[in-house]
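Note: hydrogens, waters and symmetry copies are ignored here, and every other heavy atom, side chains too, is used.
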Amino acid sequence: AGGRGPHLVVAPASVVDNWIREFGNWCAGTLRVAKYHGAQKARLAKQHELDEDGFDVLVTTYAYFEGDGEAARLDRQWLHTKRW
């Protein structure tokens with residue numbers, strides 16, 4: 001796709017779906033946009049999927065940067081492996 005990436009969009013959970021919809025409206029077919037949000041088990045599966053398939057834009061929420069728990073730490077660890 002276009003410029004260098006991947007790109008990270010961090011937004012309030014209430015607007016994550018709006019971001020996904022807008023990328024679909026404006027960049028359909030040109031960017032691989034993924035939503036990283038949901039239950040811990042689903043996020044782990046999404047990590048494996050994204051590592052295998054790749055992506056251009058990842059849309060996620062602030063929650064994974066704010067939490068002190070093990071799940072948030074693992075999310076941050078995975079996010080940190082990417083070259084944003």
A.B. asks: Could you tell me whether a side-chain N or O of D56 sits under 3.5 Å from a main-chain N or O of R32, the two making a donor and an acceptor?
C.D. replies: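 Checking the backbone N and O of R32 against the side chain of D56, a donor-acceptor pair under 3.5 Å is found.
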A.B. asks: Examine F65 and L58 and state if one hydrophobic cluster contains both, with Ile, Leu, Val, Met, Phe, Trp and Tyr joined whenever side-chain heavy atoms are less than 4.5 Å apart.
C.D. replies: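 Yes; L58 is reachable from F65 via cluster members.
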A.B. asks: According to a hydrophobic-cluster definition based on side-chain heavy atoms being under 4.5 Å apart (Ile, Leu, Val, Met, Phe, Trp, Tyr only), do V15 and V59 belong together?
C.D. replies: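 Yes, one cluster joins them.
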A.B. asks: How would you list all residue pairs meeting salt bridge (charged side-chain N to carboxylate O under 4.0 Å, His left out) that involve residues 71-84, not counting sequence neighbours?
C.D. replies: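 Those involving residues 71-84 are R43-D75, D51-K82, E70-R73.
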A.B. asks: If I compare all heavy atoms of G67 with all of A72, which pair ends up nearest, and what's the gap?
C.D. replies: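 Smallest interatomic distance, heavy atoms only, reads O-CB, 3.7 Å.
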A.B. asks: Work out which heavy atom in T60 is nearest to a heavy atom in V16; give both atom names and the distance.
C.D. replies: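 For T60 versus V16, the nearest heavy atoms are O-CG2, 3.9 Å.
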A.B. asks: List the residues meeting side-chain hydrogen bond (donor to acceptor under 3.5 Å, both in side chains) with E66, not counting sequence neighbours, and say none if there are none.
C.D. replies: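 Scan of E66 (side-chain hydrogen bond (donor to acceptor under 3.5 Å, both in side chains), adjacent residues dropped) gives none.
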A.B. asks: With a cutoff of under 4.5 Å between side-chain heavy atoms, which Ile, Leu, Val, Met, Phe, Trp and Tyr residues group with L74?
C.D. replies: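 Listed partners: none, L74 stands alone.
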A.B. asks: Side chains of residues 19-27: which donor-acceptor partners sit under 3.5 Å, not counting sequence neighbours?
C.D. replies:
residue: R21; atom: NH2; partner: N18; partner atom: OD1; Å: 2.4
residue: E22; atom: OE1; partner: W26; partner atom: NE1; Å: 3.1

A.B. asks: Can L8 be reached from L31 by stepping across I, L, V, M, F, W or Y side chains whose heavy atoms are under 4.5 Å apart?
C.D. replies: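 Per the 4.5 Å side-chain linkage, L31 and L8 are not co-clustered.
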A.B. asks: Of all residues at least two apart in sequence or in a different chain, which pass the side-chain contact (heavy atoms from CB on, under 4.5 Å) check with A13?
C.D. replies: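 Scan of A13 (side-chain contact (heavy atoms from CB on, under 4.5 Å), adjacent residues dropped) gives H37, T61.
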A.B. asks: Going by ring pair (Phe, Tyr, Trp, His ring centres under 6.0 Å), name the residues that satisfy it together with Y36, two or more places apart in sequence or in a different chain.
C.D. replies: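 Per chain and number, Y36 pairs via ring pair (Phe, Tyr, Trp, His ring centres under 6.0 Å) with Y64, W78.
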A.B. asks: A34 and F55: which non-hydrogen atoms are nearest, and at how many Å?
C.D. replies: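 Closest heavy-atom pair between A34 and F55: CB-CB, 4.5 Å.
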A.B. asks: Suppose clustering is done on Ile, Leu, Val, Met, Phe, Trp and Tyr with side-chain heavy atoms closer than 4.5 Å. Which residues sit in the same group as L44?
C.D. replies: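 Besides L44, the cluster holds no residue at all.
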A.B. asks: Less than 4.0 angstrom from a charged side-chain N to a carboxylate O is my criterion; do D17 and K35 meet it?
C.D. replies: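 A salt bridge is present here (some side-chain N lies under 4.0 Å from a carboxylate O).
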